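Not measured: the values here are computed from a predicted model.
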Amino acid sequence: MSPLLVGRSAELGELEDALAAAPGAVLVGGEAGLGKTRLIREFAARLEGPGGPRARLLVGGCLELGSDGLPFAPFTTVLRGLVRDIGIDGVAGLVPRGDTGGLARLLPEFGEPESDAASGEERARLFEVVLALLERLAERGPVVLVIEDAHWADRSTRDLLAFLVRNVGAVPLLIVATYRTDELHRTHPLRPLLGALERTDRVRRLELSRLSRAEVAAFVAQTLGDTPPPGLVERIEARSEGNPLFVEALLDDDGTLACELPESLRDLLLAGVQRLPDETQDVLRDASGGGTRIEHALLAAVSGLDDTALTRVLRPAVAANVLVVDGDGYAFRHALIREAVHDDLLPGEYTRLHTRYAEALENAPGLVPSGRLWVELSHHWLAAHDATWALVASWRAAADARKALAYAECLAMLSRVLELWDRVPDAAERIGADHCRVLEDATAAADMAGEYDRGIKLATAGLREIGAGDTAADGADARARTAALLERRARMCYQVARPGFVEDLQAAVTALEGTPPTALHARVLATLATYVRLTTDIGQARTAAKESLEIARKLDDPVTEAEALMTLFCADLDYGSQPLELSEVEEAALSSGNHRVTLRYAVIKSHFLEGAGRHEEAAEVARIGKEQAREYGVSRTQGTFLCINQAEPLVSLGRWDEALSVLSHAVEQEPAITTRTSLLVLAGEIALARGDICGAREQLAGAREVMNLKMKWLKTQDYFATLRLDARLALAEGRHDDALDAVREVIGHAGLPDEARYTWPVLILGARICAGLGDAASADLDAIVERAATLRTGGPLLHALRLTFDATAARARGVLDLAAWDAAAAAWEALGNPFNRAEALTGAAEAALAGGDHDGASDRLQTAADLAAGLGAGPLAERVDDLRRRTRGPRRTGADAAAPLGLTPREYEVLRLVADGRSNRDIAETLFISVKTASVHVSNILGKLDVATRGEAAATAHRLALFAAIASREGPSVTRRPSRERAT
C-alpha cells in the first residue's frame with residue numbers, strides 16, 4: 001500500500017555494502033509482516049541505474065505444500081526466468097562444455113536428464129553445474145540471487161543454497177535469503193543451517209526489527225498521503241506494535257481504523273478480506289488452497305469461472321492489495337493472509353476444495369509445471385482424505401524427486417506411501433510394486449539423503465519382510481534383494497559407526513552363494529574387502545577382492561574390475577615392494593570411463609605416493625584429482641577426501657601455510673564424519689609445531705569427538721593419528737604420563753592395515769617420552785622397542801622413520817649416537833622433509849656436544865635453526881637456541897659456558913629479565929615462549945635460589961652481580977628478533 005519504504009535505510013545500506021563486497025551472502029530474517037519482501041523489492045529497484053541495471057536480479061521463492069516443500073522450487077523459478085531472458089542457448093553458453101543435461105533435472109525445457117542414475121555424485125554434479133552457471137553469469141556483471149521464504153525450503157533447496165554460499169568463487173555474486181524468525185521453532189531444519197552459514201566468511205546476518213513510533217507515524221502519513229488525524233498514529237502503533245503488515249491492515253482508506261481491536265491475529269488479517277464482495281471472498285478461499293502463489297489458469301479451473309469472470313471477480317482483491325499480480329498468476333500480498341483465509345475454511349469446505357484442485361490437475365496436468373504435478377496431487381489428495389490417490393501420487397512424486405536427485409523429498413514421498421499402505425487394500429496393484437519394493441526404494445533414498453539411522457530401520461524392515469516370505473519374488477530374486485539390502489545397510493552402519501557392518505556384508509555374500517555371478521555379487525565382495533580390511537583380517541579382504549576381480553572379468557565389467565583391482569591393491573599395500581603394480585591399477589581405472597573410479601584411483605595413488613616418501617608427486621596427484629572432482633561435481637565428497645591427500649604431503653614438505661589453506665577449504669565443505677578426523681589432526685599438528693597450544697587442543701578435541709562416534713578400528717590413519725596428536729600435545733604440556741597412555745594405545749593395537757606408516761611416528765614419540773622419564777619408563781621403552789620390531793620398513797619414508805626411531809630409542813637408553821642421528825637427518829633431507837630433518841639435526845647436535853664436538857654441533861644447529869625459522873616452528877627453534885647456548889661461541893666461553901647457581905641456560909636468561917623487572921608476559925614475548933612456560937621457569941628459579949618472591953630473586957641477582965660482568969663484556973644476552981621474524 002505504501003509507495004515508500006520507511007525505517008529500513010540501514011538495512012538497505014547493508015545490502016548495498018554486501019553487493020559492493022561480493023561475493024558473499026546476506027541472511028535476512030524477521031517475524032512475519034516486517035517487510036522482508038518489501039525490502040528486497042526496494043533493493044531491486046535501486047539496482048536499476050540511469051545507464052542500465054547495476055546488477056542482474058534473480059528471484060525464486062520457496063513454496064509451502066503442507067509439510068512438504070517442493071524440491072529445488074526457487075532454483076527452478078530462477079532458471080525459468082533466466083531462460084526467458086537469455087534463451088536456452090544463452091544458458092548453455094554459461095554451462096561447462098555447454099552440457100545442459102544436468103539442468104534438465106530442474107527444468108524440462110532442457111530435455112531429459114543426461115543420466116537416470118540417482119547417486120550422491122550425480123546430485124553433487126547438479127550443484128556444481130548450478131554454481132558454474134551463476135559464476136559465469138556473474139563474470140559478465142554483478143548478480144543478486146534472492147531466495148525468499150527459506151523457512152519453507154525443502155532439504156534439497158537448503159543443501160543447494162548452503163553449497164552456493166560456501167563455494168562461490170571470486171565473482172560479484174550476492175546471495176540473499178529471507179526467512180521468518182517466528183517460524184523457526186527449536187527443531188526447525190533451517191536453524192542449524194543458519195548457524196553454520198553465519199560462521200562462514202563473507203556471510204552477514206540481517207535481522208529486521210519492528211518500526212519505532214516515529215516510523216509508524218511516517219508510514220501512516222505516506223500511506224494516506226496526508227497528515228494523519230490526531231490520535232490515529234498512537235492507536236495504530238499500540239495495536240500493530242510496529243509491525244508494518246498490521247499497520248496496513250488496521251488502516252482504512254479514509255484515514256480511520258479499519259476495525260476495532262481484533263480478538264486474534266487471524267481476525268486482523270481477515271479484516272481486509274471480509275470487506276471485499278462475497279464473490280471475491282469465495283474465489284480467495286479457492287485460491288488459498290493452492291499456496292501463496294497460484295496460476296490464473298489453475299484458479300479458473302478450480303473456481304469454475306472463465307477468464308473474464310475470474311478477472312472481474314479478483315479485481316477488487318487486487319485493488320485492496322490482498323492479492324498482487326505475479327506473472328501469469330496471483331500471489332497473496334502476504335503469506336499470513338493466505339494462511340488465515342485457508343484456516344477459516346470449514347472442514348467440509350476444506351475437503352471439497354482440495355478435491356477440486358486434485359481433479360483439476362488430473363484433468364489438465366499442464367496447469368502447473370511438470371515438476372510440480374505429482375507433489376501437488378499428493379498434497380491435495382491427502383488433504384482431501386483420499387488415501388488411494390494420495391498413495392499413487394506420492395509414488396509418482398517420489399520417482400520425480402529421485403530423477404531430480406532430491407533424495408530427502410523422495411524419502412518423504414515414499415514414507416507417505418508406507419504410511420498410507422494399509423489404508424489402500426490394492427496398493428501393490430495401484431503402483432505396480434510390492435511393499436518390500438517400497439521399503440527398498442525408501443532405504444536407498446535414506447542412504448542417498450544421509451538419513452542413515454532411518455535408512456537402517458527401513459532396510460531392517462525390508463529384510464524382515466523378505467525373510468517372512470511376504471514378497472512375491474522368486475528364490476533367486478529374493479536372495480539378490482536380500483544381498484542388496486544387506487550391502488546398503490552395511491554401508492550405512494559404517495557411516496554412523498555402528499557395529500555389524502562386516503557381518504552384514506558376509507551375510508550378503510552368503511545370500512548370493514549358488515546364484516549366477518552378477519555385478520551385485522562383485523560389488524558386495526568389493527565392499528566386503530574394503531571394509532574388512534579396516535579390521536585385522538587382511539587375508540579375508542584379499543580373498544574377497546580377488547573373487548570380486550574374477551567375477552568382474554567374467555562379466556567383462558570394466559568399472560567393477562577397476563574397483564576390485566583398487567581394493568586388492570590396498571589389501572596388499574607395501575611401500576617397498578608392491579605386489580600389484582600401480583600401473584595396472586591405473587590402466588584399469590582410467591579405461592573404465594567412470595569418474596567415480598578415476599577419482600578413487602587418485603585418492604589411492606596419492607596416498608601410496610605419500611607413504612612411499614614421494615611427497616611432491618603425491619601433492620600433485622591429489623591436486624589434479626581435486627580439480628577433476630570439481631569438474632565432475634563431487635568437490636564435497638571425493639574432492640574433500642583428496643584435500644587430506646594433498647595437505648599431508650604439503651605438511652611433509654614444510655609448506656604449512658598451503659596445507660592450512662587446503663584444510664580450511666575442506667572443513668568449510670562440512671565433510672563426512674569418516675573424513676573429518678584427518679583434517680583436524682593435520683591442522684592440530686601444524687598448530688602444535690608452531691607453538692599454538694590452544695589451537696592444537698581445539699583441533700584434538702574435535703578429532704576426539706569424531707573418534708567417539710567412530711570405532712577405533714575404522715581407520716588406522718585416523719585412530720593412530722589422533723593418538724599421535726594426543727601424545728604430542730601432552731608432551732608439550734609436560735604431561736608425560738598422559739602422553740605415554742596414548743602411546744600404549746598404539747602399542748596394544750597391532751595388525752591393523754597400513755599400520756607401519758602410522759605407528760612409527762607414535763613409537764618415536766614414545767621413545768622420546770621415555771628418554772625424558774629415564775629409568776621410571778624402562779618397561780614402557782621395552783614394550784615400544786618390542787612393538788617396533790614387528791613393523792615393516794619398506795620404502796624411503798618408513799626407512800627414515802626407522803632410523804629416527806633407532807636414534808631416539810638409543811638416546812632413551814642413555815646412548816647419544818651421532819652416526820644414527822646423522823643418518824636420520826640425511827634420510828629426511830633426501831625426502832625433502834624440513835621439520836623432521838631439523839629435529840634429527842638437533843638430536844645429532846646433542847650427540848656432538850656430548851662428544852665434545854662443539855663446532856660440529858654448532859654447524860648442525862645453524863642448519864636446524866634456519867629450517868625452524870622458515871617453518872615458523874617456535875618450540876623447535878627454542879630448543880635449538882637452548883642447545884646453541886651450550887656450544888662454544890662468541891657469547892659464552894670458558895667458565896661462562898655453564899650458568900651459575902645450578903640454573904639452566906634458559907633459566908639464566910629468564911632470571912636476567914626478572915632482574916630487569918619484566919612480567920611473565922614480557923618474558924614470554926622476549927624469549928618467544930608461552931606465558932605458562934615462562935611461569936614454570938620463574939618457579940624453578942625461585943626454588944633454586946631459595947627465595948619466595950620475584951623481588952627477592954632480582955635482589956639476589958643484583959647482589960651477586962650475576963649479569964654486570966657479562967653485560968659489560970658482551971652486551972645483553974637476550975635480544976628481540978626483528979618484527980618480521982616475530983610475525984613469522
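- Rounded to the nearest 0.5 angstrom, E648 CD and S652 OG are separated by 6.0 Å.
- Considering E909, H937, K944 in turn, K944 is the only one that fulfils the side chain to side chain contact (heavy atoms under 4.5 Å, CB included) rule with L903.
- With S919 contributing its side chain and D922 its backbone, the two residues share a donor-acceptor pair below 3.5 Å.
- Every residue meeting the ring-ring contact (aromatic ring centres under 6.0 Å, His included) condition with W656, not counting sequence neighbours, appears here in chain and number order: F835.
- Atom CG of D866 sits in a crowded spot, with more than 12 heavy atoms from other residues, nucleotides or ligands closer than 6.0 Å.
- The residues E14 and R205 are annotated as not salt-bridged, no charged nitrogen and carboxylate oxygen being separated by less than 4.0 angstrom.
- Between D718 and R676 no salt bridge is recorded (no basic side-chain N to carboxylate O distance below 4.0 Å).
- Residues R690 and D657 are paired through a salt bridge, judged by an N-O separation under 4.0 Å between the basic side chain and the carboxylate.
- Between A742 and L723, the closest heavy-atom pair is CB-O, 3.6 Å.
- Here the side chain of E907 pairs a donor or acceptor atom with the backbone of T904 at under 3.5 angstrom.
- Two residues are said to be in side-chain contact when any heavy atoms from C-beta on lie closer than 4.5 Å; R879 and E846 meet this criterion.
- With R950 contributing its side chain and R918 its backbone, the two residues share a donor-acceptor pair below 3.5 Å.
- Taking CG from L867 and CD from E829, the interatomic distance works out to 9.0 Å, rounded to the nearest 0.5 Å.
- Under a cut-off of 6.0 angstrom, the local environment of NE2 in H799 is sparse, with at most 12 non-hydrogen atoms contributed by other residues, nucleotides or ligands.
- At distances below 3.5 Å, not a single donor-acceptor pair connects side-chain atoms of T790 with backbone N or O atoms of E786.
- S778 places no side-chain N or O within 3.5 Å of a backbone atom of G774 that could act as its donor or acceptor partner.
- The aromatic rings of H607 and Y575 lie tilted to each other, with the angle between the two planes from 30° to 60°.
- Using a 4.0 Å cut-off between a side-chain N of Lys or Arg and a carboxylate O of Asp or Glu, D806 and R802 qualify as a salt bridge.
- Using modelled atom types, one side-chain atom of R860 and one backbone atom of G856 make a donor-acceptor pair closer than 3.5 Å.
- Enclosure of atom CZ in R921 is not indicated, since only 12 or fewer non-hydrogen atoms of other residues, nucleotides or ligands lie within 6.0 angstrom.
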**Test side-chain contact (heavy atoms from CB on, under 4.5 Å) applied to W828 and L803, step by step** = CA-CA 10 Å; W828 290 120; L803 290 174; over 6 Å; no
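- A donor-acceptor pair is defined here as one N or O able to donate and one able to accept, closer than 3.5 Å; such a pair exists between the side chain of R199 and the backbone of G195.
- Under a 4.0 Å N-O distance rule, the pair E733/K932 does not qualify as a salt bridge.
- For the atom pair NZ of K626 and CD1 of I644, the computed distance is 12.0 Å after rounding to the nearest 0.5 Å.
- Panel note: side chain T808, backbone T804; a donor-acceptor pair is recorded below 3.5 Å.
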**Request:** List the steps, then state whether side-chain contact (heavy atoms from CB on, under 4.5 Å) holds for R792 with E755.
**Result:** CA-CA 9 Å; R792 292 181 178 183; E755 67 170 347; over 6 Å; no
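- Using modelled atom types, one side-chain atom of R787 and one backbone atom of I747 make a donor-acceptor pair closer than 3.5 Å.
- How far NE2 of H665 is from OG1 of T640: 7.0 Å, rounded to the nearest 0.5 Å.
- Distance check: L688 CG to R728 CZ gives 7.5 Å after rounding to the nearest 0.5 Å.
- Note that the CZ atom of F720 and the CG atom of D754 stand 10.5 Å from one another [nearest 0.5 Å].
- For S664 (side chain) and S661 (main-chain N/O), no donor-acceptor pair under 3.5 Å exists by modelled atom type.
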